[in-house]
Amino acid sequence: MLVHLDGRLVEEADARIPVFDRGLLYGDGVFESMRAVHGRIFRLEAHLDRLERSASLAEFEGLPDRLVFAGQLRETLAANGLRDARLRLTLTRGAGRPGDYVHASGPPTRIITAAPFTGLDPRLYEEGVGLAVVGRQAVPAAVLDPAIKTTSRLSAVLARREAARAGAFEAALLDAAGHLTEGTTSNIFLVESGRLLTPASDGAALPGVTRAVVLEAAHAAGLPVEERPLPVALLFSADEIFLTNTSWEVLPVTRVDGRPAGGGRPGPRSATLLAGYREQVRRECA
């Protein structure tokens, strides 16, 4: 596969960054994951909006214009002969030195990768997946703004490993007050008494691009939506639970901490919103 590295297309095996790159030294980077369908990148502008916001909040400097990023993303798709793909655009602060947390000597490092998108096993949508409420809390907004989609993922990695040991597909992260925030790579939704509930994205969770599309689909379907703090106990009383992200789309949850949840099977609202999401992708990428 060909990789776009600092403005050049290179073979994956030849795509190298310095050992002192701050992304490697400190996880000092931001990223976006995107999906291309029929050769078009779904919600590209929304992803670039979020990338620019992440970079601004992380105090990055010297970034090229978004038109450069858009062009390089499309070049990466075309160079690899891909039409249905998952892309990742990663920025690091560039070269640094061990022990120097402040100064970066270079311009930001820019990496774009692409791989064929096949999606999850269809059985996961038919049967649902397991969710585990893990002991590791979400990183507080006072420590790191969740609006920064950072490459510093160790906390998420450890939470997902804890969930995997419990036999779950994803981890649910709580804040210090015991409210749901998000998964390690997903936004969380619940359906209760005909209402769609999700944690607010103003300081609690990353404002997911797929999350936004699902909210649009819910409004179009006439489903009332509430974005507010959600006690973890709602996971055990909700009529339905599902997760969203670029790769998983709308993924039903049927088990929480090893017990049946949401009726123990995917519900009708999840199916409606999955269909609505896929239809929106089809329309925008036709």
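Hydrogens, waters and symmetry mates are skipped; everything else that's a heavy atom, side chains included, is used. All figures in this text were calculated on a predicted structure; none of them were measured in a lab. All residue numbers in this chain count up from 1 along the given sequence.
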Quick one: do Val139 and Val133 end up in the same hydrophobic cluster if we chain Ile, Leu, Val, Met, Phe, Trp and Tyr together by side-chain heavy atoms under 4.5 Å apart?
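In one cluster: no.
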
Under a single-linkage definition using a 4.5 Å side-chain heavy-atom cutoff for Ile, Leu, Val, Met, Phe, Trp and Tyr, are Phe69 and Ile17 assigned to the same hydrophobic cluster?
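Not linked; separate clusters.
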
Looking only at heavy atoms, what is the nearest atom pair of Phe236 and Asp257, with distance?
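Scanning both residues completely, I find the closest heavy atoms to be CZ-OD2, 3.8 Å.
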
Closest heavy-atom pair and its distance - Leu24, Pro18:
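Minimum heavy-atom separation between Leu24 and Pro18: CD2-O, 4.5 Å.
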
Quick one: [atom1] on [X] to [atom2] on [Y], what's the gap to the nearest 0.5 Å?
X	Y	atom1	atom2	result
Tyr125	Leu274	OH	CG	6.5 Å
Leu243	Leu251	CG	CG	5.5 Å
Arg50	Glu45	CZ	CD	14.0 Å
Gln280	Phe42	CD	CZ	6.0 Å
Asp175	Thr181	CG	OG1	6.5 Å
Leu91	Thr109	CG	OG1	9.0 Å

Below 4.5 Å, heavy atoms only, C-beta onward: do [X] and [Y] meet side chain to side chain?
X	Y	answer
Leu82	Met1	yes
Pro231	His179	yes
Leu273	Phe189	no
Val191	Ser270	no
Thr246	Phe117	no

State whether Tyr277 and Arg35 meet the cation-pi test: NZ (Lys) or CZ (Arg) under 6.0 Å from the six-membered ring centroid, and within 45° of the perpendicular axis.
no

Side-chain donor/acceptor of [X] to backbone N/O of [Y], under 3.5 Å:
X	Y	value
Asn187	Leu206	yes
Thr244	Thr210	no
Arg22	His103	yes

Angle class for the Tyr26/Tyr101 ring planes (parallel below 30°, perpendicular above 60°, tilted otherwise)?
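Tilted: the ring planes of Tyr26 and Tyr101 meet at 30° to 60°.
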
Would you check, one step at a time, whether the test side-chain contact (heavy atoms from CB on, under 4.5 Å) holds for Leu154 with Leu158?
CA-CA 6 Å; Leu154 182 57; Leu158 294 175; 4.1 Å; yes

Using a strict 4.0 Å threshold on nitrogen-to-oxygen distance, state whether Glu279 and Arg282 make a salt bridge.
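Counted as a salt bridge, because a side-chain N and a carboxylate O are separated by less than 4.0 Å.
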
Lys/Arg N to Asp/Glu carboxylate O, Arg66 vs Glu32, below 4.0 Å
no

Just checking, is any N or O donor in the side chain of Arg160 or Thr185 under 3.5 Å from an acceptor N or O on the other one?
yes

Thr254 side chain to Glu127 side chain, donor-acceptor N/O pair below 3.5 angstrom
no

Write out all pairs satisfying salt bridge (Lys or Arg N to Asp or Glu O under 4.0 Å) with one or both partners inside residues 177-191, taking only residues at least two apart or from two chains.
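As it turns out, there is no salt bridge (Lys or Arg N to Asp or Glu O under 4.0 Å) pair with a partner in residues 177-191 once direct neighbours are skipped.
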
Any chance you could lay out the side-chain contact (heavy atoms from CB on, under 4.5 Å) test for Leu124 and Trp248, step after step, and finish with the verdict?
CA-CA 10 Å; Leu124 296 181; Trp248 300 351; over 6 Å; no

Non-neighbouring partners of Glu192 that pass salt bridge (charged side-chain N to carboxylate O under 4.0 Å, His left out), sequence neighbours left out:
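Checked Glu192 against salt bridge (charged side-chain N to carboxylate O under 4.0 Å, His left out); matches are Arg195.
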
Run Glu284 and Arg40 through salt bridge (Lys or Arg N to Asp or Glu O under 4.0 Å) and show every step you take.
CA-CA 8 Å; Glu284 294 186 26; Arg40 299 187 63 177; over 6 Å; no

